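Read through the structure below, which is laid out as structure tokens, and then see the notes.
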Amino acid sequence: MRTRAIASTALTLGLCLALPATAAAAAGPAPGPGAPGIGDPYYPTYGNGGYDVSHYDLDLDYRPAADRLSGTAVVTATATQSLTRFDLDFALDVSSVRVDGRPARFTTSGEQELVITPAHTVPRGHRMTVAVTYTGVPSTVQKYGFTSWQRTPDGGVAANEPESAWWWFPSNDHPLDKATYDVTVRVPKGEQAISNGLLLSTRTKGGSTSYHWRQDRPQATYLATLAVGHFDITRSRTRTGVPVLNAYSTALDPAVRKSAQASVERTGEIIDFLSGYFGPYPFDAAGGYVPDVTSRFALESQTRVFYSPSFFATAPDTSVVAHELAHQWWGDDVSLARWSDIWLNEGFAGYAEYLWAEHEGKGTPQELAQKVYDSHPADDPFWTVKPGDPGPDKQFDDAVYDRGAVAIQALRDTIGDHAFRALLKAWPALHRYGNGTIAEFRQLAERLSGQDLKGFFDTWLYTPAKPAVFPAGR
């Protein structure tokens, strides 16, 4: 994510729990309920325990005039314990739930817990299907005081971090539980529906058009996106043949539209450039969309980046495109294991902006990092934010991005260019389509460099003070 203002209003939760070692830790042999949270230290109610999702199949109908969304989500999951009941994270009104084809009892709890009691206990290791039928007006639904659904004059958009799924499909809403997706959306004829991955089919019948999108690589729930409205579509390919689909709201100001296209249409070029640093692009589709919204952030929705028009209000901005596309490796391909590991996403996406700036002749990463380091005196509150554990209220603070990127240049200076370049490619390769922690990243950096980096990581990521020395570039 890259912000021009606070991107999410859900950043003030300060609760803390211990994180389990896996996305859905087994609770023992006795049947019982799945945990109502996955155990994230920043957001303990997000996600759930007792099962692991492999696929979401969404069959949706959206009426823009009323902002009404309805449909059925079929969640395929494997029980990791013997389940008497379990939760999904969801915010809309549910009319029925079926588990393995049988009606199940359901109720709600807390802000976003849909509590499901199947007709029979689900045995550990059983692959179950959970069909949830629902409806609602997403823009009117607030949880924790906010909504992640942005209504537009001609439709709506689901995009936010760390949560957006609740407003359009029930899920195990935490990056630890990634899954594949089929998203079918019916909209009034003349409207378009944009989502992740590849567009498999478009069918018009009567007054409605149905769009079927497929994401066939594991995807975290917050990276799933949906946009309905009127768009102009462009198509191209990267140098290696990856199809690129970009979409621009037809309601954009013409000058903004021109700047947006001048930026986003370089997606294929920037992917090819970043592949030289991070390794092969990890997905079979790419692109982005610029809807008619008033928000001021961009989000790395997997294979289909969300860009607020504000980034292109005065001039083209390819730095935000480089930032969000870097996330396709750092955050999407390899997702964080807990939200306190946000540096692994934002620090490296910020550093990709340095790499792209150098490519464009706008300064070297060393020069750009030195400028940030020098521009903040030691008593600047900027240095009190710890990129390696900023806390939920500072999770998207400028320091996570900017101090985080400076720390990466300092790491490059410390371990040398050869080890650093190997590290940038090894991390996505070793954790492909999975999750990672800062501790695991440090271990890999130590193995590739042959250095003990505990002091370095403590200083740059975990000390609320300005590092006394910024390493000179090699």
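Fair warning: this is a prediction, and the values are worked out from it, not measured in the lab.
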What pairs with [X] under ring-ring contact (aromatic ring centres under 6.0 Å, His included), at least two apart in sequence or on another chain?
| X | value |
| --- | --- |
| Y56 | F169, Y181 |
| F382 | H376 |
| W383 | Y373 |
| F306 | Y289, F297 |

Within the distance-only criterion (no hydrogens, no angle test), does the side chain of [X] pair as donor or acceptor with the backbone N or O of [Y] below 3.5 angstrom?
| X | Y | answer |
| --- | --- | --- |
| R304 | A285 | no |
| S449 | Q451 | yes |
| Q370 | V406 | no |
| D317 | V320 | yes |
| T80 | G50 | yes |
| Q366 | D413 | no |
| N246 | G288 | yes |
| T180 | S54 | yes |
| N345 | H327 | no |
| K425 | G279 | no |

For a quick check under 3.5 Å, do [X] and [Y] share a side-chain donor-acceptor pair by atom type?
| X | Y | answer |
| --- | --- | --- |
| Q328 | T303 | no |
| Y248 | E265 | yes |
| N160 | S148 | yes |
| Q443 | R447 | no |

Item to check | Carboxylate-amine/guanidinium proximity below 4.0 Å for D389 and K386 | outcome: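 K386 and D389: not salt-bridged.
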Checklist entry - Are any of the side-chain nitrogens in R214 or D182 under 4.0 Å away from the carboxylate oxygens of its partner? => result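 Here R214 pairs with D182 in a salt bridge, since their nearest N and O are under 4.0 Å apart.
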Item to check | Working for side-chain contact (heavy atoms from CB on, under 4.5 Å), residues D57 and H55 | outcome: CA-CA 7 Å; D57 192 339; H55 189 69; 4.1 Å; yes
Checklist entry - Pairs in or reaching into residues 452-470: which pass salt bridge (Lys or Arg N to Asp or Glu O under 4.0 Å), with residues at least two apart or in two chains? => result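 Matches after skipping sequence neighbours: K454-D458.
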Checklist entry - Which of these passes side-chain hydrogen bond (donor to acceptor under 3.5 Å, both in side chains) with W166: D173, T221, D89? => result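 In the set D173, T221, D89, the residue that makes a side-chain hydrogen bond (donor to acceptor under 3.5 Å, both in side chains) with W166 is D173.
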Checklist entry - Which of these, R124, R127, M128, sits in a side chain to side chain contact (heavy atoms under 4.5 Å, CB included) with T78? => result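 Passing option: R127.
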Atom pairs and distances, donor-acceptor, side-chain atoms in residues 348-363, under 3.5 Å, two or more places apart:
| from | atom 1 | to | atom 2 | distance (Å) |
| --- | --- | --- | --- | --- |
| Y351 | OH | Q409 | OE1 | 2.5 |
| Y351 | OH | R412 | NH1 | 2.9 |
| E353 | OE2 | R2 | NE | 3.2 |
| E353 | OE2 | H323 | ND1 | 2.8 |
| W356 | NE1 | T318 | OG1 | 3.0 |
| E360 | OE1 | R266 | NH1 | 3.3 |
| E360 | OE2 | R266 | NH2 | 3.3 |

Checklist entry - Taking atom CG of N48 and atom CZ of F86, what is their separation to the nearest 0.5 Å? => result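 Interatomic distance, N48 CG to F86 CZ, rounded to 0.5 Å: 9.5 Å.
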Item to check | Sub-6.0 Å ring centroid separation between Y46 and Y42 | outcome: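 Ring-ring flag for Y46/Y42: false, centres at least 6.0 Å apart.
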Next on the checklist: Looking only at the aromatic ring of each residue, does the gap between the centers of Y401 and W343 stay below 6.0 angstrom?
Outcome noted: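 Between W343 and Y401, the centre distance exceeds or equals 6.0 Å.
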Item to check | side-chain contact (heavy atoms from CB on, under 4.5 Å) evaluation trace for R235 with L199 | outcome: CA-CA 12 Å; R235 290 177 171 83; L199 179 61; 4.3 Å; yes
Among residues at least two apart in sequence or on other chains, which ones pass salt bridge (charged side-chain N to carboxylate O under 4.0 Å, His left out) with [X]?
| X | value |
| --- | --- |
| R432 | D333 |
| R442 | E446 |
| R421 | D417 |
| D380 | none |

Quick one, [X] and [Y] - any side-chain contact, counting heavy atoms below 4.5 Å?
| X | Y | result |
| --- | --- | --- |
| Y144 | T45 | yes |
| W339 | P392 | no |
| W149 | V141 | no |

Checklist entry - Who passes side-chain contact (heavy atoms from CB on, under 4.5 Å) against S275, sequence neighbours left out? => result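 Partners of S275 by the side-chain contact (heavy atoms from CB on, under 4.5 Å) criterion, ordered by chain and then number, come out as I271, Y281, W329.
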Checklist entry - Does T129 have any side-chain contact (heavy atoms from CB on, under 4.5 Å) partners at least two apart in sequence or in another chain, and if so, which? => result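 For T129 the side-chain contact (heavy atoms from CB on, under 4.5 Å) partners, ignoring immediate neighbours, are V74, T76, D100.
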Item to check | side chain to side chain donor-acceptor pair (under 3.5 Å) between T240 and T238, worked out | outcome: CA-CA 5 Å; T240 57; T238 68; 3.1 Å; yes
Item to check | R217, CZ atom: more than 12 neighbouring heavy atoms under 6.0 Å | outcome: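 More than 12 within 6.0 Å, yes.
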